[in-house]
Undergrad: 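Quick one: this structure, given as structure tokens, is what I'll be asking you about.
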Amino acid sequence: MARGDGDLSGAAAPRPGRVLMTADTQGGVWTYALELAAGLARAGVATALAVMGGPLSPAARAAAAAIPGLELVESAYRLEWMDDPWDDVAAAGDWLLDLEERTRPDVVHLNGYCHAALPFRAPRVVVAHACVLSWWRAVHRRPAPVRHDLYRARVAEGLRAAEAVVAPSAAMLSALAGEYGALGLGRGHVIPHARDRRRFAPAPKERFVFAAGRLWDEAKNLAALEKVAPRLPWPVLVAGSDVAPGGVGRRAGESLCSLGWMNEGELAWWMGRAAIYAFPARYAPFGMSVLEAGLSGCALVLGDLPSLRELWRDAAVYVPADDPGALRGALDQLIRDAARREALGALARRRAVRFSPHAMARRYLEVYAVARAARPEAASRACPPSTPTPCGTPCE
């Protein structure tokens, strides 16, 4: 975390000219990728964004088009954490190698694991947003079953191959080491995610509890809110998709007011007016919606997880995920105590603005430099100075 947004020209050298970055359309990875690409663009770094996992909406394409130097390349390949993905993972690997050959990046930034084991010529940076094994352990309180052994092996192979591994919290980095073995000295880095503070801001607060998340994701634990909502004096409003990949979903119970999927502007409108944001999660390596709620000045009631305590410290109330009584008590207390609620909202806002895109981009430039130093032979692949590359941008 760092000071306010601004120029990145003083970031650690050598600065890459272009990055090939993967992203997906599921969850917060897309939002994160755009925030980082925009931050890199302010430093003069172009991004080729290779998207997998499903089609993008017109609004998502428009958001990508607004970022200078960003080339969007779409596909429909299934992601490594989905059911039976391996044929698609292999095909996506060939596609990514072809993209590297065409775009000639200085760094390959992978928001997934398996493809790091491919023979990329550029240094590889893997970012650990989540993983199936740590998700399973957190949600089910036991190790993942043997049907995930191939996933385990492929992720471990990717982690071993990467020149650098990044996680958005120290807790997630520790979980990776626990599931897949210790990372090499110096290869693990913690860089929190970020959001532009101008996109989410407090508005006059209204009398409701708000939550956002995929209703079908057990890690979000929205079922706990269903249990306590009938006994709260305020309504509980929930935004999020109820359809999982593959078309299987879970609808909100009658005790919750489901608002459905929202675009960013709609979400910001509701968060700005919500007095309390509830996120009783069982698993959250970062929690992008919590950051958005913090920027919106909501009082935060969060699952008692090491990652969330690490990130939010005294700017939130924490409740055990398996204790609906504690959740109800925390929400009821804040509903009845306006002074405490407003103080927590102010603390959350002050904490949230420290997770700035400027700081995130600067730290990634530093990690890219570390990765490039670990693969000095990759420099021999660079194009001659001032020679146009296949992507149309002269090499630096």
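Start at 1 with the first residue, then count along the sequence.
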Undergrad: Using the side-chain hydrogen bond (donor to acceptor under 3.5 Å, both in side chains) criterion, which residues pair with Arg61? Sequence neighbours excluded.
TA: Glu74
Undergrad: Can you list, pair by pair, the side-chain donor-acceptor contacts under 3.5 Å of residues 275-284, counting residues two or more places apart and other chains?
TA:
| unit_1 | atom_1 | unit_2 | atom_2 | d |
| --- | --- | --- | --- | --- |
| Tyr277 | OH | Ala212 | N | 3.3 |
| Tyr277 | OH | Ala212 | O | 3.2 |
| Tyr277 | OH | Ser289 | OG | 2.7 |
| Arg282 | NH1 | Asp322 | OD1 | 2.3 |
| Arg282 | NH2 | Asp322 | OD1 | 3.2 |
| Tyr283 | OH | Cys131 | N | 3.1 |
| Tyr283 | OH | Ser134 | OG | 2.7 |

Undergrad: Tell me the ring-ring contact (aromatic ring centres under 6.0 Å, His included) pairs involving residues 27-67, sequence neighbours left out?
TA: Tyr32-His129, Tyr32-His193
Undergrad: With sequence neighbours excluded, what pairs up with Arg199 under the side-chain hydrogen bond (donor to acceptor under 3.5 Å, both in side chains) test?
TA: Glu264
Undergrad: Restricting to side-chain hydrogen bond (donor to acceptor under 3.5 Å, both in side chains), what partner residues turn up for Trp135, sequence neighbours left out?
TA: Asp217
Undergrad: Run the salt bridge (Lys or Arg N to Asp or Glu O under 4.0 Å) test against Arg340 and tell me which residues pass, sequence neighbours left out.
TA: none
Undergrad: Mind telling me whether Phe208 and Trp270 have parallel, tilted or perpendicular rings, with 30° and 60° as the class edges?
TA: perpendicular
Undergrad: Salt bridge (Lys or Arg N to Asp or Glu O under 4.0 Å) with Arg336: which residues, sequence neighbours excluded?
TA: Asp332
Undergrad: Show the atom names and distances, to 0.1 Å, of all donor-acceptor pairs under 3.5 Å that link a side chain in residues 230-239 to residues at least two apart or in another chain.
TA:
none

Undergrad: Of all residues at least two apart in sequence or in a different chain, which pass the side-chain hydrogen bond (donor to acceptor under 3.5 Å, both in side chains) check with Arg142?
TA: none
Undergrad: Applying salt bridge (Lys or Arg N to Asp or Glu O under 4.0 Å), name anything that partners Arg137, two or more places apart in sequence or on another chain.
TA: Glu179
Undergrad: Is the shortest distance from a Lys or Arg side-chain nitrogen in Glu157 or Arg160 to a carboxylate oxygen in the other one below 4.0 Å?
TA: no
Undergrad: With sequence neighbours left out, which residue pairs that include part of residues 286-305 fulfil the salt bridge (charged side-chain N to carboxylate O under 4.0 Å, His left out) condition?
TA: Arg195-Glu292, Asp304-Arg309
Undergrad: For residues 84-91, tabulate all N or O donor-acceptor pairs below 3.5 Å that involve a side-chain atom, not counting sequence neighbours.
TA:
| unit_1 | atom_1 | unit_2 | atom_2 | d |
| --- | --- | --- | --- | --- |
| Asp88 | OD2 | Arg78 | N | 2.7 |

